[in-house]
Amino acid sequence: MKTELKERMQELRDLASLVELAQWDQDTYMPKKGAEGRGAALGTLKSLYHQRLVDPYLGEWLDAPDAQGFDEDAMVRVLRRERSLATKVPERLVRALAEAGAAGLAAWKRARDEQRFGTFAPALEHTVRLRREYADALGTGDERYDALLDAYEPGMRSARLAPVFSELQAVLVPLVQAIEARPKPVDVFGGKTWADAAQWAFTMELLPAVGFDLDAGRQDRSVHPFSSGQSVGDVRLTTRVSLDTPLPAIFGTLHEAGHGLFEQGFAPKDFRTPLAQSPSLGLHESQSRLWENLVGRSLPFWKHHLPRLRRHFPSELDGVDVETFWKAVNRVERTFIRVEADEVTYNLHVILRFQIERALLRGELDVKDVDAAWNEKTRTLLGLTVQRAADGALQDVHWAWGDFGYFPTYTLGNLYGASLFAAAQRALPNLWVDVERGDCSALLRWLRATVHHAGYRWSTEALIEKVTGRGLVVDDFAAYVRQKYGALYGL
Ligand code: ZN
């Protein structure tokens, strides 16, 4: 590979890692009054990155690569894609979208205060118009929504997703109805105070227990948990502690640890190249959901970890046996709010958003009718009647920012995660015995070898097919939830 091209790739990765670090600090330790200075510094870093990316020399090097071998081809392909996205959108539109995002956020906050969707609608209307323009500028796929989807999930298309989501809906709606008809599990968390320091200490024990390397990463606190990878040797996670219940801290930590294990698992030889990243948000999310739900909400996992949690909370967990605890952390309940949803109902919230977003981009739904459509779909999918706009179309901040096409990656993460885990169970006959002994290392080694080391060499679906023998399917997730919740709720 041309030396200049290689050096430019490394330079871009270095700049990107500094942007990550500055953003991590902004969300964790930066004093309030640092916002202005940090905003300016980040703006400069990002525009430097953009200039170096759209630089015509880079275009020439990429178009005439003397690349040899698959890895170098893959690097060229990944960087060429990123560069093409960055050059297709006119600067005027980038600025307009940023301004619309700021105005959208303000209007969304006002609308939530007033509990009135109409207050948000004009700003949303403007954002949707700009997003249509943006999609046209990118020109990816067969319909506008494809271009937005592709930005987060390269290669994914609406026409591919729609039947998958319909199939999933047909599995979940009756399953949720059946669960609703059964008695609720005992709530072992409510009405108690869960000490902050003890929760924190337990989450710091969980991280090494699942294989997260604390010499190559750390955990801090933030309002909204996230993970951020500067390099394989420096991966930052955050979690959130609530005194009413230990669940957000425990499962937030496991979720972000899943993201973090992926970031720590990129092949060392890919350091400072475009290959040291996930090929999509959906694949990244498959790792977080796998550790949070398939491992972290399993009975064997808690057979090992409940006694350890009990050491921190002897009186709060007095008399709570492992079965009761396991049932309590897998409580399924129809709720209005996506971020509070369990792993069964969660996907119904995503399907609702996908249908509305796609219809908006196609011009089949007017912005003024969004909240009515939302409420109608909440009835069909979840059987609930929305009373307050904040429980309906005003609940997520994403549309205010102008993010469309992002939500489906959460459900893709659930589907890919279940398929990967099914493959892991076939490959590792002792998986559950190991987990029950508190040993997750064989599973992590398997994920490293099949998913993490691959980085961005293949598209997500190609990788999933290599590992599982099939691409995107509903069956594995459907089998998982039917079996697990069948046992939990006696269906
Ligand atoms: Zn996540």
Side-chain angles (χ1 to χ4, degrees), residues 20 23-24 27-28 149 151-154 156 161 168 203 206-207 210-212 217-230 235-242 247-266 276-297 301 329 337-351 353-354 395-398 401 403-421 440 443-444 447 451-452 455-456 460 463-464 472 477 480:
E20 285 273 315
Q23 280 171 343
W24 167 84
D27 291 334
T28 49
L149 197 54
Y152 304 110
E153 197 66 22
M156 187 46 71
L161 212 47
L168 183 59
T203 64
L206 278 179
L207 288 173
V210 296
F212 185 79
R218 50 180 293 128
Q219 177 176 258
D220 296 272
R221 295 165 188 259
S222 69
V223 182
H224 304 286
F226 66 94
S227 65
S228 146
Q230 273 68 254
V235 177
R236 318 266 171 128
L237 314 176
T238 67
T239 195
R240 175 172 73 88
V241 174
S242 152
L247 295 180
I250 292 172
F251 292 100
T253 290
L254 287 172
H255 181 98
E256 300 308 332
H259 283 303
L261 289 169
F262 195 2
E263 295 282 328
Q264 287 184 340
F266 296 132
Q277 57 183 319
S278 172
S280 75
L281 289 189
L283 189 67
H284 223 306
E285 195 67 9
S286 77
Q287 300 305 294
S288 57
R289 306 257 167 167
L290 186 151
W291 287 98
E292 177 193 352
N293 293 329
L294 289 109
V295 177
R297 290 183 205 270
F301 185 82
V329 302
I337 307 294
R338 174 184 58 88
V339 296
E340 291 167 8
D342 54 81
E343 62 174 330
V344 182
T345 56
Y346 192 94
N347 299 295
L348 296 170
H349 292 269
V350 171
I351 291 169
R353 286 155 180 77
F354 166 69
Q395 67 178 270
D396 301 304
V397 70
H398 300 60
W401 285 329
D403 281 345
F404 293 87
Y406 186 93
F407 289 119
T409 66
Y410 291 126
T411 287
L412 287 170
N414 284 328
L415 298 179
Y416 290 140
S419 291
L420 288 171
F421 197 72
C440 296
L443 174 61
L444 181 57
L447 287 169
V451 178
H452 300 178
Y456 203 155
T460 294
L463 177 74
I464 295 287
L472 172 63
F477 182 77
Y480 158 65

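Numbers here simply count residues along the sequence, with the first being 1. Ligands are counted one by one from 1 in listed order, and the atoms in each one are counted from 1 as well. What you see is a predicted model; the values in this text were computed from it and never measured.
- Listed by chain and number, the protein N, O or S atoms at a distance under 2.8 Å from the Zn ion (ligand 1) are H255 NE2, H259 NE2, E285 OE1.
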**Message:** Does Y456 form a side-chain contact (heavy atoms from CB on, under 4.5 Å) with L283? I'd like the steps, not just the answer.
**Reply:** CA-CA 10 Å; Y456 203 155; L283 189 67; over 6 Å; no

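- Checked by atom type, the side-chain pair T253/Q219 shows a donor-acceptor distance below 3.5 Å.
- Not counting sequence neighbours, the partners of T409 by the side chain to side chain contact (heavy atoms under 4.5 Å, CB included) test are Y152, E153, L281.
- Ring pair Y346/H349 is tilted by interplanar angle, where 30° to 60° counts as tilted.
- Between the side chains of T345 and D342, a donor-acceptor pair is found at a separation under 3.5 Å.
- Between the side chains of Q264 and H452, no donor-acceptor pair is found at a separation under 3.5 Å.
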